[in-house]
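Remarks on the structure that follows.
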2 protein chains.
Amino acid sequence: MVTIETKQHPAWDVYKATCPTRQVLDCIADKWAVLVIGLLNGGTRRFGEMRKSIEGVSQKMLTQTLRSLERDGIVSRRVYASVPPKVEYTLTPLGQSLAGIVESLRVWSESNIEVVLASQQTYDARPEAE
Amino acid sequence: MVTIETKQHPAWDVYKATCPTRQVLDCIADKWAVLVIGLLNGGTRRFGEMRKSIEGVSQKMLTQTLRSLERDGIVSRRVYASVPPKVEYTLTPLGQSLAGIVESLRVWSESNIEVVLASQQTYDARPEAE
DNA sequence: CGGAATCCACACGGATACTG
DNA sequence: CAGTATCCGTGTGGATTCCG
């Protein structure tokens with residue numbers, strides 16, 4: 001049984017943005033997490049590899065994202081006691097099931113990005129837009 | 001042809017976190033957008049309804065999210081010239097196709113939230129965690 | 001190599017007040 | 001009702017430095 005600490009709002013009716021969804025979104029609703037899951041869906045990766053593969057991610061954000069995903073049981077972290085240090089990240093079975101959704105998002109994105117970009121341009125070109 | 005303005009990083013190799021995905025994530029990688037899409041997947045909604053249905057969303061964030069999704073061609077906005085004003089939001093066909101993914105995320109969340117929460121507790125209960 | 005820790009700017013987002 | 005506009009605190013995240 002999942003209990004929410006915050007007081008329930010009375011008007012929680014029309015379409016219930018269900019709590020589980022909210023909680024999961026609080027974990028993965030940032031682009032780095034999605035990209036990390038997508039990357040690890042291709043197999044185990046080392047920290048440095050991921051840093052290079054995900055353009056623009058800072059060391060701090062990658063660490064933070066990986067820690068968060070590890071905490072959620074989505075990613076597992078394996079440290080090798082070698083010199084130099086070697087740390088590998090892998091999707092857990094739970095993470096792999098989530099990766100399926102990330103993968104479908106990737107497919108959707110590639111199929112529809114041009115439509116989205118076109119829509120944005122049309123929107124920005126409106127007379128009232130400045 | 002989609003062109004990225006920012007300079008391409010040379011190390012863009014191992015697993016390419018493809019540009020379309022990145023761009024789509026820049027649009028929808030926040031929880032309000034996902035919740036809005038999920039809500040509208042249940043049908044057309046008015047602004048006030050959505051505000052009540054999505055607990056904790058401020059009027060500012062809801063407006064901002066809806067404007068963004070409208071710009072992306074995911075949500076359409078219909079204004080009725082009535083008193084009092086009435087504004088309806090609906091998913092476009094593009095939005096509906098994306099809603100399928102959101103829906104599968106909702107299902108995944110409800111199926112796995114307990115595992116995630118349990119993992120979090122185990123993680124936080126580690127000796128080294130403070 | 002894979003971090004942790006610190007500093008700090010700025011953008012995000014809440015609260016409030018006002019409007020068509 | 002459905003916004004817009006403004007103020008403003010704070011959390012996010014980049015840059016840098018140091019460590020095991």
Side-chain angles (χ1 to χ4, degrees), chain A residues 6-7 9 11 14 22 25-36 39-40 44-71 75-90 123 126 128-130, chain B residues 6-7 9 11 14 17 22 25-36 39-40 44-71 75-90 123 126-130:
Chain A
T6 55
K7 60 182 185 305
H9 198 98
V14 183
R22 303 279 290 252
L25 285 174
D26 286 336
C27 301
I28 63 162
D30 66 289
K31 69 174 183 176
W32 298 134
V34 176
L35 292 174
V36 162
L39 176 61
L40 289 181
T44 298
R45 294 285 186 279
R46 297 184 56 178
F47 187 87
E49 291 178 327
M50 303 182 70
R51 185 145 164 54
K52 293 191 196 73
S53 295
I54 302 178
E55 185 183 41
V57 71
S58 65
Q59 169 265 342
K60 178 181 177 180
M61 286 314 297
L62 183 54
T63 300
Q64 196 174 76
T65 302
L66 286 168
R67 287 288 178 280
S68 175
L69 292 176
E70 186 190 2
R71 190 174 97 100
V75 161
S76 73
R77 177 170 180 262
R78 178 170 300 184
V79 182
Y80 294 88
S82 59
V83 176
K86 178 178 171 184
V87 181
E88 285 183 347
Y89 292 92
T90 315
Y123 188 93
R126 291 166 315 155
E128 60 273 33
E130 139 250 27
Chain B
T6 55
K7 61 184 184 304
H9 198 97
V14 184
R22 304 279 292 251
L25 285 174
D26 286 336
C27 300
I28 62 161
D30 66 290
K31 69 174 183 176
W32 297 134
V34 176
L35 292 174
V36 162
L39 177 61
L40 290 181
T44 298
R45 293 286 186 278
R46 296 185 56 178
F47 186 88
E49 290 177 328
M50 303 182 70
R51 185 143 163 55
K52 292 191 197 76
S53 295
I54 303 178
E55 185 183 40
V57 71
S58 65
Q59 165 267 359
K60 178 181 174 179
M61 286 314 298
L62 183 54
T63 299
Q64 198 174 89
T65 302
L66 286 168
R67 287 288 178 281
S68 175
L69 292 175
E70 186 190 1
R71 189 174 99 101
V75 162
S76 73
R77 178 172 180 261
R78 179 169 301 184
V79 183
Y80 293 88
S82 59
V83 176
K86 178 179 171 182
V87 181
E88 286 183 347
Y89 291 92
T90 314
Y123 188 94
R126 292 166 314 154
E128 60 273 33
E130 140 253 24

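Every chain is numbered from 1, with letters handed out A, B, ... down the list of sequences.
- Between the NZ atom of B:Lys60 and the P atom of D:dG9 there is a distance of 14 Å, given to the nearest Å.
- Between A:Glu88 atom CD and C:dG2 atom P there is a gap of 10 Å when expressed in whole angstrom units.
- B:Lys31 places its NZ atom 13 Å from the C1' atom of C:dC12, with the value rounded to the nearest Å.
- Taking the ring axis of B:Tyr123 as reference, the NZ or CZ atom of B:Arg126 stays within 45° of it and closer than 6.0 Å to the ring centre.
- Of the side-chain N and O atoms in B:Arg51, none sit less than 4.0 angstrom from OP1 or OP2 of D:dG3.
- Remark: the A:Gln59 side chain and the C:dA4 base include a donor-acceptor N/O pair separated by less than 3.5 Å.
- Across all strands shown, A:Arg46 has heavy atoms under 4.0 Å from sugar-phosphate atoms exclusively, and none from any base.
- The backbone N or O of A:Gln64 sits nowhere less than 3.5 Å from a side-chain atom of A:Ser68 that would complete a donor-acceptor pair.
- For A:Arg77 and C:dG2, the shortest distance from a side-chain N or O to OP1 or OP2 is not below 4.0 Å.
- Between B:Arg67 and D:dG3 there is a side-chain N or O to OP1 or OP2 distance below 4.0 Å.
- Among D:dG14, C:dG14, C:dG3, the nucleotide with an atom closest to any side-chain atom of B:Ser58 is C:dG14.
- Comparing atom distances between the B:Pro84 side chain and each of C:dA4, C:dG14, D:dC1 picks out D:dC1 as nearest.
- Rounded to whole angstrom, the span from the CZ atom of A:Arg78 across to the P atom of C:dG2 amounts to 15 Å.
- Rounded to an integer number of Å, the gap from B:Lys52 NZ to D:dA2 C1' is 11 Å.
- Heavy-atom contacts from other residues, nucleotides or ligands closer than 6.0 Å to CZ of B:Arg77 number more than 12.
- We find that CD of A:Gln64 is positioned 13 Å from C1' of C:dA5, with the value rounded to whole Å.
- Rounded to an integer number of Å, the gap from CG of B:Leu35 to P of C:dG13 is 13 Å.
- More than 12 heavy atoms of other residues, nucleotides or ligands lie within 6.0 Å of CZ in A:Arg67, so this atom counts as buried by the packing criterion.
- For B:Leu62 and C:dG13, the CG to P distance is 13 Å, given to the nearest whole Å.
- For the pair A:Pro85 and A:Asp30, both in contact range of DNA chain D, the more 5′-proximal nearest nucleotide belongs to A:Asp30.
- The side chain of B:Val87 sits closest to D:dG3 out of D:dG3, C:dG2, C:dG14.
- Of the residues listed (A:Leu40, A:Val57, A:Leu35, A:Thr65), the one engaging A:Met50 in a side chain to side chain contact (heavy atoms under 4.5 Å, CB included) is A:Leu40, and it is the only one.
- Across all strands shown, A:Tyr89 has heavy atoms under 4.0 Å from sugar-phosphate atoms exclusively, and none from any base.
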